[in-house]
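Take a look at the structure set out below.
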Amino acid sequence: MEKFLTLEEIQAAAQAVQKRTSYHPRVGMILGSGLGELADMVEAPDIIPFGEIPHWPQSTVPGHVGRLVIGRLHGQDVMVLQGRVHYYEGYSMDRVTLPVRVMQQLHMEMLFVTNAAGAIHPDYDPGDVMLITDHIALIAMAGLNPLRGPNLETFGPRFPDMSQVYDRGLMALAREEAQRTGVTLREGVYVCLSGPSFESPADLRFLRTIGADAVGMSTVPEVIVARHNNMRVLGLSGISNKANLDGSTVTTHEEVLAAGKMIVPKLSKIMLGVLDRL
Ligand code: HPA
């Protein structure tokens with residue numbers, strides 16, 4: 001059998017984080033490509049570079065700062081990952097999702113997760129924010145499930161339910177906060193591929209056919225691990241580009257990062273509004 005991260009390794013990472021902060025966050029947040037600015041709003045933060053936590057994977061992608069920011073944000077203690085790692089960087093799935101295990105080890109009840117995504121839905125445009133109402137775990141269906149390997153019984157069962165992945169109560173709050181603050185909130189299904197290559201036009205037509213509204217290279221692994229332990233999940237995609245179903249345009253990482261500038265203020269209004277109301 002392959003070697004998977006053990007409970008002891010997860011505990012070592014969690015203890016290293018705990019030693020560096022006196023906060024007790026209920027909410028863990030993961031900020032996607034170009035969306036890390038929200039972490040700068042955390043008050044009186046304890047900051048821990050990913051490199052100083054044992055077993056923690058390092059971000060290698062531009063647009064991902066690579067540190068934990070723990071502090072107070074709109075009335076809540078939060079732990080924010082400013083930057084994340086992706087499977088395509090070369091980490092195994094259990095390492096990609098170690099941060100969520102650490103959140104669980106530190107008793108966090110909720111995961112707020114964001115990502116940059118390409119719009120597959122024809123009406124969705126760069127700069128839009130999409131509430132993730134469900135996902136297609138294509139990456140997991142293809143065998144890359146983060147729960148593969150010995151089941152860590154302390155966190156959850158061998159065969160966890162995924163009938164309601166994204167929390168209805170948190171979705172309702174997000175919709176209300178979007179309306180209150182005048183942000184147009186799209187809704188839809190996010191599909192996760194491994195990347196790092198973007199999709200071909202035929203890939204995208206396939207994804208549209210199977211019911212995806214937005215496509216990206218993250219989030220689903222972390223969310224599956226979060227649900228293994230019954231964390232309540234809120235997922236928001238920042239639409240950075242229109243997926244290119246007819247092959248007429250080119251998608252670049254620079255475009256993804258530039259769209260983040262438009263998206264951060266909208267995402268912030270929704271996420272901070274939800275935090276206020278927890
Ligand atoms: N495809 C996959 N991942 C992405 C995209 C995309 O078009 N945009 C941002 N992340």
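Remember, predicted model here, so these are calculated numbers, not experimental data. All residue numbers in this chain count up from 1 along the given sequence. Read the numbers this way: they start at 1 and go in the same order the structure lists the ligands and their atoms.
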Using modelled atom types only, decide if a donor and an acceptor are shared between the side chain of Lys266 and the backbone of Gly127 within a distance under 3.5 Å.
yes

Students should be able to answer this: which protein heavy-atom is nearest to atom 4 (C) of ligand 1, and at what distance?
Val215 O, 3.7 Å

Quick check on contacts: which atoms of ligand 1 are under 4.0 angstrom from a heavy atom of Asn241?
5 (C), 6 (C), 7 (O), 8 (N), 9 (C)

Closest contact, heavy atoms only, Thr154 versus Asn229
O-ND2, 4.4 Å

Using a 4.0 Å cut-off to any heavy atom of Glu199, which atoms of ligand 1 qualify?
1 (N), 2 (C), 6 (C), 7 (O)

I need the atoms of ligand 1 closer than 4.0 Å to a non-hydrogen atom of Met217, numbered in the order shown.
2 (C), 3 (N)

Is Ala243 touching ligand 1 with its side chain, its backbone, both, or neither, if touching means heavy atoms under 4.0 Å apart?
neither

So is Ala116 in contact with ligand 1, going by heavy-atom distances below 4.0 Å?
yes

The protein heavy atom nearest to atom 5 (C) of ligand 1 is Gly118 N, 3.5 Å

Taking atom CD of Gln179 as the centre, report whether more than 12 heavy atoms of other residues, nucleotides or ligands fall under 6.0 Å from it.
no

Run the ring-centre check on Tyr166 versus His135 and record whether the distance is less than 6.0 Å.
yes

Is the count of non-hydrogen atoms from other residues, nucleotides or ligands lying under 6.0 Å from Phe112 atom CZ greater than 12?
yes

shortest atom 3 (N) of ligand 1-to-protein heavy-atom contact is with Gly216 CA, 3.4 Å

Under 4.0 Å to a heavy atom of Ser240 - the qualifying atoms of ligand 1, by number
8 (N), 9 (C)

For Arg168, I'd like to know if atom CZ has over 12 heavy atoms of other residues, nucleotides or ligands within 6.0 Å.
no

Identify the heavy atoms of Thr219 and Ile132 that sit nearest to each other, and give their distance.
CG2-CD1, 4.4 Å

